[in-house]
Amino acid sequence: MKGHSPDRAIVPADARGSASVGVTSGTRSGLRGLAGAWRAYRRDRSSLIALVFLLMVAGASLLAPAIAPHDPSDAVTFRHAAPMSEGLVLGADGDGRDVLSRLLWGGRISLMVAVLPTLLALALSLVIGIAAGYFGRWSDHVAMRILDMVFAFPLVLLAIVIASMLSPGILTVTVAIMVALTPYITRLVRTATQSVKGLPFIEAAHAAGAGELAIVTRYVLPNVLAPALVYATTLMGFMMVVGAGLSFLGLGTQPPDADWGVMVADGRAVLRKAPHVTIIPGVMIILVSLSFAFVGDGLRDALDPRRRHR
Amino acid sequence: MGWFIAGRLLAAIPVLFGVSVVVFTLLHFAPGDVASVLAGPMASEAIKEAIRESLGLNRPLPVQFLKWLGNLLHGDFGTSLVYKRPVAEFIFEKFFNTALMAVSGALLACMIGITIGIFAASKAHSLFDRVTMAVTMVVGSTPLFWLGLILVLLFALTWRVFPATGMTSPVGGGGFLDVVRHLVLPAVAAAMPSAAIISRTARACMIETLGQNYIRVARAKGLRRNLILRKHAFRNALPPIATVCGLELAFLLTGVFFVEVVFAWPGLGNALYYAIIAHDIPTVQAAVLLIALSFVVINLAVDVLNAWLDPRIRVSTARQGGR
Amino acid sequence: MSEPLLCVEGLRTSFHLEGGVLRAVNDVSFALEPGRVLGIVGESGSGKSVTALSILRLVDPPGRIEGGRIRFRGRDLLDLSEAEMEREIRGDRIGMIFQDPMTSLNPVFPVGVQIAEVVEAHQNATREESRRRAIELLGLVGIPHPEDRFSDYPHHFSGGMRQRVLIAAAIASQPDILIADEPTTALDVTIQAQILGLLGDLQRRFGTAMVLITHDLGVIATMADDVMVMYAGRAVEQGSAQDVFERPRHPYTQGLFDSLIRLDDSPHSELRPIPGNPPVPIDLPPGCSFRPRCRHAMDICGLEVPSLLPGAGRRRVACHLASAQPASPAA
Ligand SMILES: Nc1ncnc2c1ncn2[C@@H]1O[C@H](COP(=O)(O)OP(=O)(O)O)[C@@H](O)[C@H]1O
Ligand SMILES: [Mg+2]
């Protein structure tokens, strides 16, 4: 059953390109040819720029305690909706808080919400997906029927419902996104596992007397990891948007913490008077989310042995 | 074809059952005690217990579920804890309002997206193609709530062309034109990211189709370029495009959630939003169920449409049926 | 000798690829007279298809027609607008059928529609007239119960039947020329003979001139009046089929025939006879492209491209050996 909607996250790829599974010609080395992959990745300029941009944003956010010019939750009345000026590079919001400092601190949460739940979902999906795809039979059946049911819920709705069940906060958003995302990555891992399973070197390993666990970790996992990682990277951008949306609704990050979604929500009150308060965090969300998409694209090309030598 | 549809309908039944199980259990464990909400903060434990008793909340879970499901099938969604009214009395109107916005958004998105996609594909790698594809990429990753605010800023606050909020009830109220006036901004906000995604898909599928042998044959037959684009290429690229349009319509059913909150549109999303905040479990359950149900129905419709678009399925089963 | 219907002069078509310029058709000239069949032979990749596509101006970027003239009934097709090509040439005066019938029909339209649309496009016919004409054409190409099959979809047809449908669409406007690019390569051997028979019948019956592309010398022997042998984008030998078959003069043509004699038990032998492979025509070294595989290679062959010299009658050969000794070189 076609579910919505991480398929939708793959904006830059042609249609749903990234979601397709690129394991038709498995290799024994899997991810091992990292140097070659990096060389291939470097060649695509837009992916490289996106990666540099992401690293810069991540670095600045990590260094927020050191480089933020002000306390992000320091509400100074006379700075109310202040425009951009020398002391306040990006101005201040309706409560007189420094936008730049909030942006830096908020970046920590927004980036974390994009990356952490996706990685957790990836790990979970690898376990479930490989178990279903490799050991098959009833575990496969059960897993797939459950997934079918989850696919009946749009991802955003599921995340909202899960988030609403728990008390609002960063942890809640993380759990909600992770749970909502796992079915999608699992589906991809399962398909990839099934196609690797039929390749000759698996049979050769069997014939050589390798145990199932060794086969899974040495041969299946490396080959499945590449497409799953690409997919997960592309999803990170989408999850940044979803996470910000949950925060915008008040189901995510709670004061005094603020992520970029909260900042957009805060901007609503002074939308007319100080539009920059709304615009700036939104632009950051877009740029970072696009960058993840580009990095995912670049990774896909770099990790695909068929495309590497073009 | 008939068999195909019947098969899909049958397959949807367990999914729907599963959906109701998921909704029931998820919300059963939701925070907030129904009894305390109903009884108010000052009520004694005994009163709460009595309420639980009367609502059947202390019976075993499966029993509660079956009772809930049975009520659902009779159109009884329970009583809203906030409005103290049967949920069924107001939820369908909210659903209609949401559908109105999601469908107009999706129609807008399809029209814009498909037109751009075809045009870009027919001039692949031209300046127009590259510029529109860059723009669609950015718009496609734009959060709906932010886009909504930007439209409000531009068209409601700065230029004062359209109202930002103020829609209370599309039915009755100020009449058709009033509805349209209030619908424009939220529908456009909802449509833009979807239009971007549809246009990218349409372009990719059209380019792929234009590379097929039968297109070269059509050109060798001397058919006009326009006819080839509209008839031969588009008709073949249509199934994946229709699939994406369906996905986007389904997406909008929840995507408008954000738009509804921004524009204070009296839809399901808004109702769900306030119900969540107020821990109004029956309303949440009803809203989630309705959205999931429409999601399943849309997916089903797309499957059927695609089968119908493919003569290999449509014609061969029709023939078997005829004999 | 009548006035030629189609006269191609110095045609050059190249593909501008990342690795360089691929000269797929390099200075090719030939003439086609009304009602005659010109066979073009050559190994795969020698530029036969690109030659055919160039005539209809169907070469897509990165490919480009870069030089030459294609005279058809007194006009140079390279001067016509795209709209004129669509309206007056493609499918109207010049029809074309392709190699792969399995993918040449649009899967979502009934076969009859795909014939009728040609009639509609070129003959100002109403829907009903074009429908009747399409049914007539289906009958003409040997499809039983054409009336019933009109609205069947391509997936109900076998490869051979599909090629018949495509032939019907190509001759719907009674063209002056039919270009058939390896029309039977993708089909079963038994079907191949039927399709070729059909093409021959139609060609004789309507007096259509035909460009028949193949890599099957047996087909040329039975069907062609004239022959052009292509190698690496160039015509290496041209002449009447009888002449070329009796006295092949280019070492490449000779090689083709030698292999045919060796493999005599299989009349439809494919052309893989001469050791080595033809070069991909990107950045070719100077001289004759066939030199590395030639039994008679001389010093001059590495220096100069042999020009296509006229011989007796319409005979032309591009070989330094032939210009040195006008008699049979292989003897
Ligand atoms: N669309 C294309 N892009 C790049 N090269 C092409 C294209 N079409 C043909 N070629 C090249 O042009 C040369 C001639 O091809 P073609 O005419 O198809 O050969 P033939 O029909 O004789 O087998 C070949 O080297 C082929 O690789
Ligand atoms: Mg060819």
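Proteins get letters first, then strands, A, B, ... in listed order; numbering begins at 1 in each.
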Considering residues, nucleotides and ligands other than N124(C), do more than 12 of their heavy atoms fall under 6.0 Å from its CG?
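No, the 6.0 Å shell around CG holds no more than 12 heavy atoms from other groups.
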Heavy-atom count check: over 12 atoms from other residues, nucleotides or ligands less than 6.0 Å from E84(C) CD?
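Yes, the 6.0 Å shell around CD holds more than 12 heavy atoms from other groups.
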Let me know which of R75(C), H122(C), R93(C) forms a side-chain hydrogen bond (donor to acceptor under 3.5 Å, both in side chains) with E88(C).
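So, applying the side-chain hydrogen bond (donor to acceptor under 3.5 Å, both in side chains) to E88(C) and each of R75(C), H122(C), R93(C), only R75(C) qualifies.
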With sequence neighbours excluded, what pairs up with S173(C) under the side chain to side chain donor-acceptor pair (under 3.5 Å) test?
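Result, side chain to side chain donor-acceptor pair (under 3.5 Å) vs S173(C): D92(C), Q123(C).
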Basic-acidic side-chain contact under 4.0 Å: [X], [Y]:
X	Y	answer
R73(C)	D176(C)	yes
D76(C)	R71(C)	no
E129(C)	R132(C)	no

Give me the contact list for residues 209-230 of chain B versus chain C, heavy atoms only, anything under 4.5 Å, ordered by residue number.
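Those residues of residues 209-230 of chain B which have a heavy atom under 4.5 Å from chain C are N213(B), Y214(B), R216(B), V217(B), R219(B), A220(B), K221(B), G222(B), L223(B), R224(B), R225(B).
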Name, in order of residue number, those residues of residues 97-110 of chain C that have a heavy atom at a distance of less than 4.5 Å from a heavy atom in chain B; otherwise write 'none'.
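Counting heavy atoms that sit under 4.5 Å from chain B, the residues of residues 97-110 of chain C involved are F98(C), D100(C), T103(C), S104(C), L105(C), N106(C), P107(C), V108(C), F109(C).
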Pick whichever of [options] has the most heavy-atom pairs under 4.5 Å with chain B.
options	result
L56(C), D60(C), I179(C)	D60(C)
V118(C), L166(C), I94(C)	V118(C)
R57(C), Q114(C), E82(C), R87(C)	Q114(C)

Give a yes/no verdict on a cation-pi contact between R131(C) and F150(C), requiring under 6.0 Å between NZ or CZ and the six-membered ring centre and an angle within 45° of the axis.
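Yes, a cation-pi geometry holds between R131(C) and F150(C).
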Would you check if there is a donor-acceptor pair between the side chains of E182(C) and T214(C) at a distance under 3.5 Å?
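Per modelled atom types, T214(C) and E182(C) side chains form no pair under 3.5 Å.
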Between E66(C) and T13(C), do the side chains contain a donor N or O and an acceptor N or O under 3.5 Å apart?
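Per modelled atom types, T13(C) and E66(C) side chains form no pair under 3.5 Å.
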L309(B) versus chain C, heavy atoms under 4.5 Å apart: side chain, backbone, both or neither?
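For L309(B), the contact with chain C is made by the backbone alone.
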Name all pairs fulfilling the side-chain hydrogen bond (donor to acceptor under 3.5 Å, both in side chains) condition that reach into residues 115-125 of chain B, sequence neighbours left out, sorted by first residue then second.
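Matches after skipping sequence neighbours: none remain.
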